[in-house]
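Notes for the one structure printed next.
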Amino acid sequence: KIKDSQEHVVVATTRPETMLGDVAVAFSPKDKRYKHLKGKKLILPVINRELEAIFDRLVDPKFGTGALKVTPAHDPVDFQLGLTHKLEPINVMNPDATMNREASVDYEGMDRIECREAILEALKERGLLVKAEPHRHAVGHCYRCHTMVEPRLSKQWFVKMKPLAKKALEAAKKKRIKFYPARWTKVYINWMENIRDWCISRQIWWGHRIPVYYCKKCQGRSAVSDARLAPSSANRKPQTVNPGIIVSKTRPDKCPSCGSADIEQDPDVLDTWFSSWLWPFSTLGWPSETEDLKYFYPTKTLVTAQEIIFFWVARMMMAGIEFMGEIPFSDIYIHGTVRDDTGTKMSKSLGNIIDPLDIINEFGADALRFSIISITAVGQDVFLSRDKFESGRNFANKIWNASRLVLMNLDSGKIDIDTDDSFKDSSLELKERWILSRFYQTLKNVGDSLDSYKINEAAKLIYEFFWHEFCDWYLEFAKTTFSSSQTQACVYQVLEKSLRILHPFMPFISEEIWQLLPHRSESVMVASWPEFEKKLIDKKADRDMDAIIAIVTAIRNIRSTWRIEAQKTIAVHIKVPSDPAKKVLIENGEYIKRLAKVDELIVDRDLVKPKSSAADVCGDLEVFVPLKGIIDYEKEKDRISKNLESLNARFGDLSGKLKNERFLQNAPADVIDKFKASHQEMKLQLEKLEANLDSIKR
RNA sequence: GGGCGAUUAGCUCAGUCGGUUAGAGCGCGUGCCUCACAUGCACGAGGUCAGUGGUUCGAGCCCACUAUCGCCCACCA
C-alpha cells in the first residue's frame, strides 16, 4: 500500500515468505506507470513495515507487474540494489531455513515453506492476494541432498580475484598455455575476463579449518558465531578495520590488539579447491625449495575434464603464477565425458558405470586400455558399452598369436641382438625393405599423433600396421623364408620394436612377449621408444609391394568370383610394361604363388592373353587367369564392363578438369601434375580393359 | 538468457592444409577349421557426408541461414 493513499502496488514473487525481509520496492526509471511514486513510502502488508520506493535500471519494466520487491538479505539482485540504494538488509531466516525473530513473532520458528503458505493465507484474509499461478523457474539445489537452497545473507571469506586473474589471462592470450582442443581457450578467457571474487569459506565438517582466530573481547561473542549463527548480527555493516581478527598458521596465545587470551578459531573450513589450486607445487614440498620442486615444476601437460576448467585449471594457473612466479603447465588436454549408450554421463551415484574390474576379468586389462584409447577422439565425448571392448581383446589375441608364430620360428643363433642394424649393410629383399619402411613410417606417424594428443589416431595407426601389414602380409610372406638370416633379423627387429611402441597402449601383453624375446641382459623395454631411421623409409619398396599386393588381391578376387576351390592351385599370366617390372615380379614370384595359391606363374612383356581366361588390370600390369571350362563369357563381360564404366566416369571427370583453363591457372603445380599423371595412367588402363572386352566378344 | 558441440555406411565413430575413387570397427553376404590366431583368414555388398544458399578452378572440410539432438555456464523477480 502506498503510504497516505488508498492505492496499492502489486508485486510478483515466487517466495512470498521473503516479503518479511523486504525493505523497498523497485521500479524501472523508464516506467511511466510508477513515476508518481518517486520520493514516496510504501507500507508492507501483514507486518506493516515502511518501505522505500526506488528506481533502478536493473528492474525490467516488462517483467511481471514491473514492480520488484527488494529483499537484500535473500536475493543476489536485491542485495546489489541494497548496496546501490543504501538499504539496510533484514535477514529473516536462520541457517536451517526456518524463520527467525526478524520475521516477526508470528512466524518465528516456521520452516520457510510453511511460512510461504502462511503469508499467502494472511494476504488472502486481507484481500490483498491478486492471484496465484504456477510458474516454472530454476532454483539451486544442494549437490548432495538435493534440498532447495535459499539465498541468505551471511558473512564469508572471499579471495579478491582480479589481480590474480590478470596474469593468468595474459598467459592464455599470449599462447604460453595451449588447450587441446583449442576451443576451450575461449571458455577460459571468458571466465578470466569476468572473474568474480571467490568465496572460500564452507560450513561443512570436513576440510582444512580456516586459519583465522577471533579475540572475543575485541570482536564480541558474536564474532565467532557471526551472521550464519546469530541473526541479530547479520545486519551489521561490514567492518573495514578488524581489531581482534588474527590470521595465523598457529593458534595465537593472546590477542595482539588487546592482549586477551580468550581466542577462538573460525569454525568454517576452506573450499576444497583452495588447497587443490596449490597442487602443482604443494605436492612437491612447497614452500620448501625441494629438489622435486626444482625438477618437476613447471611441468608440461595437464589432463582433465571440461567441467573442471574453472574450478581447478584456471585456479592452478593463478596460484602457480602468484606463488611460483611461473605457469604450472603449458598444455591442457581436455578429454570428453564418458557416457553410457543412452548418452547419460557415467557416474557412480547414478549407478550407470561400467566397472573396469569386470571388463578386465572378461576382456583383459590391455583390451580395456586399448579400446578406451581407440574410441577417445580429441574433444569428443565417448559412448561406452561392453561390446566396445571386443576389438581390444581381439587385437591383444592377434598380437599374442603373431608373437607365438615368431617365437616358434626364431633361431637366436641367426639374429644379432646386439645391434639394431644387423641387416643395414646387406642388400635386403623387397618384403624386408617394405616392412621396415612401413614400420618406420608408422613409428613417425604414431609419434606425430601423440605429440598432438591424437591418441586414438596413434592407436589406430599401430593397429593398422601390426594387424594388416605385419601379420596379413609380411608374416605370410615370411613363412616362405623363415630360416633365412635376413628374415630372422627383420622379423625380430620389427616385432621387438612394435612391442615398444605398443607398450604405452598395451603395457601387459607387450611386456610379457618382450620378455620372451632374446635381449641383451641390461635391456629395458619401458624406457626405450625406438629411434626413427629415415634411411629405411623406402618409397620404391612401398610401390613395388603395392603392385604385388594388388596382383594377389586381383587373383583372389578372380578365384572368388569363379568359385575356384580354396585348395586348388591355378596358373596365372602377368603382362608387364618393362624389364624392371618383370624383374620385381620374378624375384617375388614365390610369394605371389603362396598367397594366391598359384602353381604356374608366367611373367613377360610380350604376352598374349590366354584363351578362356579372366583378366584384371592392376595399374600398368595385366593379370590373366586361364579358366578353361569354368569361365562364363557373359558374366566376365559384365564384370569387365562394370569396371570399365566406373573408370570411364572418373576418366571423364579428370579430362574435363584438365581442359578447364581456370583450373590450370589456379591450381598449384603439384596438384596439376598429379592429376595429369593419373589421367595418363587411367588412359592406359582403359585401353587394356577395352582390349579385354574385345577379346571376349570375339 | 549466454557460450559451445554434434549430424558421414544398418549401428558406433574417424576424416590432417579444401585437391583424383570419403575410411575403420561391428553387423551383413559368399567361401574357408590353410601346420600363429574361427577372438581367425579371404573376397564382396553397402554413402545425395542433416537441409538450403554462398565462396572457390575444386567443398564432407570454409561462410550464412534452417532443422534435429546434446553439453556447459548463469544472480530468470
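So that the names make sense, note that chain A is the first sequence line, chain B the second, and so on, each numbered from 1.
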Rounding to a whole Å, what distance do you find between A:Glu390:CD and B:U39:P? 10 Å
So how far is it from A:Lys593 NZ to A:Ile555 CD1, rounded to the nearest 0.5 Å? 11.5 Å
Using 30° and 60° as the class limits, which term best fits the ring planes of A:Phe651 and A:His679: parallel, tilted or perpendicular? parallel
A:Lys388 and A:Ser374: side chain donor to acceptor below 3.5 Å: no
So what does A:Arg404 touch, heavy atoms closer than 4.0 Å: a base, only the sugar-phosphate, or nothing? sugar-phosphate
Test ring pair (Phe, Tyr, Trp, His ring centres under 6.0 Å) applied to A:Phe310 and A:Trp191, A:Tyr188, A:Trp273, the passing residue: A:Trp191
Interatomic distance at P, B:G10 relative to B:C28, whole Å: 15 Å
From CD1 of A:Ile375 over to C1' of B:C11, roughly how many Å is that when rounded to an integer? 14 Å
Whole angstroms only, please: what is the CD-C1' distance between A:Gln567 and B:G31? 11 Å
Nearest-angstrom distance from the residue atom CG of A:Asp472 to P of B:A42: 5 Å
What is the separation between atom CZ on A:Phe311 and atom C1' on B:A74, rounded to the nearest whole Å? 13 Å
Between the side-chain atoms of A:Arg650 and the base atoms of B:U21, is any donor-acceptor pair under 3.5 Å? yes
Nearest-angstrom distance from the residue atom CZ of A:Phe466 to P of B:A36: 15 Å
Under 3.5 Å, is there a donor-acceptor pair linking the side chains of A:Thr561 and A:Asn557? yes
Taking the six-membered ring of A:Trp198 as reference, does the NZ or CZ atom of A:Arg315 fall below 6.0 Å from its centre and within a 45° cone about the axis? yes
Can you run through RNA chain B from 5' to 3' and write each base as (, ), [, ], | or . depending on how it pairs? Watson-Crick or G-U wobble, both distances under 3.5 Å. (((((((..((((.....[...)))).(((((.......))))).....(((((..]....))))))))))))....
Can you pull out the residues from residues 474-482 of chain A that lie within a 4.0 Å heavy-atom distance of RNA chain B? A:Glu476, A:Lys479
How close or far is atom C1' of B:A36 from atom CH2 of A:Trp467, stated in whole angstroms? 12 Å
Heavy atom of residues 550-562 of chain A under 4.0 Å from RNA chain B: which residues? A:Thr553, A:Arg556, A:Asn557, A:Ser560
Check whether the side chains of A:Arg662 and A:Gln665 place a donor and an acceptor atom closer than 3.5 Å, and report yes or no. no
Can you say whether the rings of A:Phe470 and A:Tyr474 are parallel (under 30°), tilted (30 to 60°) or perpendicular (over 60°)? parallel
I need the CG-C1' distance between A:Leu495 and B:C37, as an integer number of Å. 15 Å
When all nucleic acid strands are considered with a 4.0 Å heavy-atom cut-off, which category describes A:His468: base, sugar-phosphate, or nothing? sugar-phosphate
